[in-house]
Amino acid sequence: MDAAIDAARQKGGHVTDGDVKENATEPIAFLIEYNDGFRGTALLLNGALTTLAYASRRNGEVEASEFLLEKGWPYGHFTFLDRQIEHMALTGTAPYPVERTLLTTGILDAAMHSDHEGGKLIETPELDISYRPVENPEGTLEPSGTGIGHELPPPSSDDRPYD
């Protein structure tokens with residue numbers, strides 16, 4: 001938690017001044033146990049953190065970052081999602097396995113039900129699925145175009161016919 005909060009402070013200061021533990025008046029922790037033994041924790045720290053932050057330990061080292069949300073138009077944090085939707089519309093193939101979305105939404109659903117039921121452990125046998133990761137179809141994981149720190153590109157001429 002400390003690494004994620006430090007990353008948020010370093011990147012944009014989206015952390016309320018003062019002690020995080022005191023400012024997060026109703027903290028919620030979701031403990032996630034994966035079938036392969038991996039464990040994760042998602043924290044909701046309303047009142048202390050006004051952004052999304054991430055930290056993990058890989059090969060004994062802590063890695064942390066903040067997910068920057070653009071507070072106004074053009075909402076550049078959606079650039080990557082837009083590119084994936086465009087890829088699917090143009091090629092007719094999903095840019096990543098649908099199982100990934102099922103796992104993400106399934107974990108979120110179980111977390112919300114657990115919170116509603118007072119922190120009850122929610123088993124998710126329906127999420128006992130696997131998939132093969134694929135390379136990003138555009139060859140990069142970095143969004144491009146509009147976004148935080150980028151100028152808006154000029155409007156493109158679009159001469160595709162619309163039916």
Side-chain angles (χ1 to χ4, degrees), residues 1-85 88 94-136 140-150:
M1 177 180 90
D2 292 335
I5 291 168
D6 287 345
R9 280 195 170 114
Q10 292 170 10
K11 300 276 175 126
H14 298 283
V15 180
T16 306
D17 289 336
D19 183 63
V20 170
K21 292 174 185 166
E22 289 178 15
N23 290 335
T25 55
E26 296 181 44
I28 300 172
F30 297 112
L31 307 176
I32 304 159
E33 297 178 12
Y34 294 81
N35 287 341
D36 65 0
F38 182 80
R39 294 178 308 181
T41 304
L43 299 172
L44 296 177
L45 301 174
N46 294 331
L49 198 60
T50 60
T51 188
L52 303 173
Y54 165 84
S56 70
R57 186 174 292 115
R58 185 168 67 169
N59 298 326
E61 298 291 322
V62 174
E63 297 178 355
S65 65
E66 176 189 18
F67 180 73
L68 295 174
L69 296 174
E70 200 164 17
K71 302 247 184 241
W73 189 88
Y75 302 105
H77 52 273
F78 286 115
T79 302
F80 185 69
L81 176 61
D82 290 344
R83 290 177 71 193
Q84 303 310 305
I85 293 168
M88 189 167 91
Y96 54 82
V98 69
E99 292 88 349
R100 195 169 96 176
T101 301
L102 175 63
L103 289 170
T104 302
T105 55
I107 289 170
L108 182 58
D109 180 64
M112 294 295 104
H113 279 91
S114 174
D115 182 51
H116 181 72
E117 297 180 33
K120 175 183 170 190
L121 174 66
I122 305 290
E123 297 288 342
T124 55
E126 69 278 13
L127 298 181
D128 188 12
I129 58 174
S130 61
Y131 67 93
R132 294 186 64 120
V134 296
E135 276 192 45
N136 182 278
T140 176
L141 293 176
E142 295 294 323
S144 66
T146 63
I148 296 170
H150 296 278

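If you're wondering where the values come from, they're calculated on a predicted model, not measured in any experiment. All residue numbers in this chain count up from 1 along the given sequence. When reading the values below, keep in mind they use all heavy atoms of this one structure, side chains included, and skip hydrogens, waters and symmetry mates.
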Spacing of L102 atom CG and I129 atom CD1 [to the nearest 0.5 Å]: 4.0 Å

Test item: Y131 and V98 side chains (from C-beta on) under 4.5 Å apart, heavy atoms: no

Value rounded to 0.5 Å, distance of CG in L31 from CG in L43: 8.5 Å

Polar side-chain atom of H116 near backbone of M112 as donor-acceptor pair, under 3.5 Å: no

Heavy-atom donor-acceptor pair, S114 side chain to A110 backbone, under 3.5 Å: no

From I28 atom CD1 to N46 atom CG, the distance as rounded to the nearest 0.5 Å: 7.0 Å

Residue pairs passing the side-chain hydrogen bond (donor to acceptor under 3.5 Å, both in side chains) test where at least one lies in residues 24-37, sequence neighbours excluded: N35-D128

Separation of L108 CG from H113 NE2 (nearest 0.5 Å): 10.5 Å

Qualifying residues under salt bridge (Lys or Arg N to Asp or Glu O under 4.0 Å), relative to R57, sequence neighbours excluded: none

For M88 against A94, the heavy-atom pair lying closest together: SD-CA, 3.9 Å

Other residues, nucleotides, ligands: >12 heavy atoms within 6.0 Å of E61 CD: no

Heavy-atom closest contact (A48 atom, A24 atom, distance): CB-N, 3.8 Å

CG (D19) with more than 12 external heavy atoms under 6.0 Å: yes

Steps toward side chain to side chain contact (heavy atoms under 4.5 Å, CB included) verdict (I107, F30): CA-CA 10 Å; I107 289 170; F30 297 112; over 6 Å; no

Distance (rounded to the nearest 0.5 Å) between I122 CD1 and L127 CG: 11.5 Å

Distance in Å, E99 CD paired with T101 OG1, rounded so as to fall on 0.5 Å steps: 9.0 Å

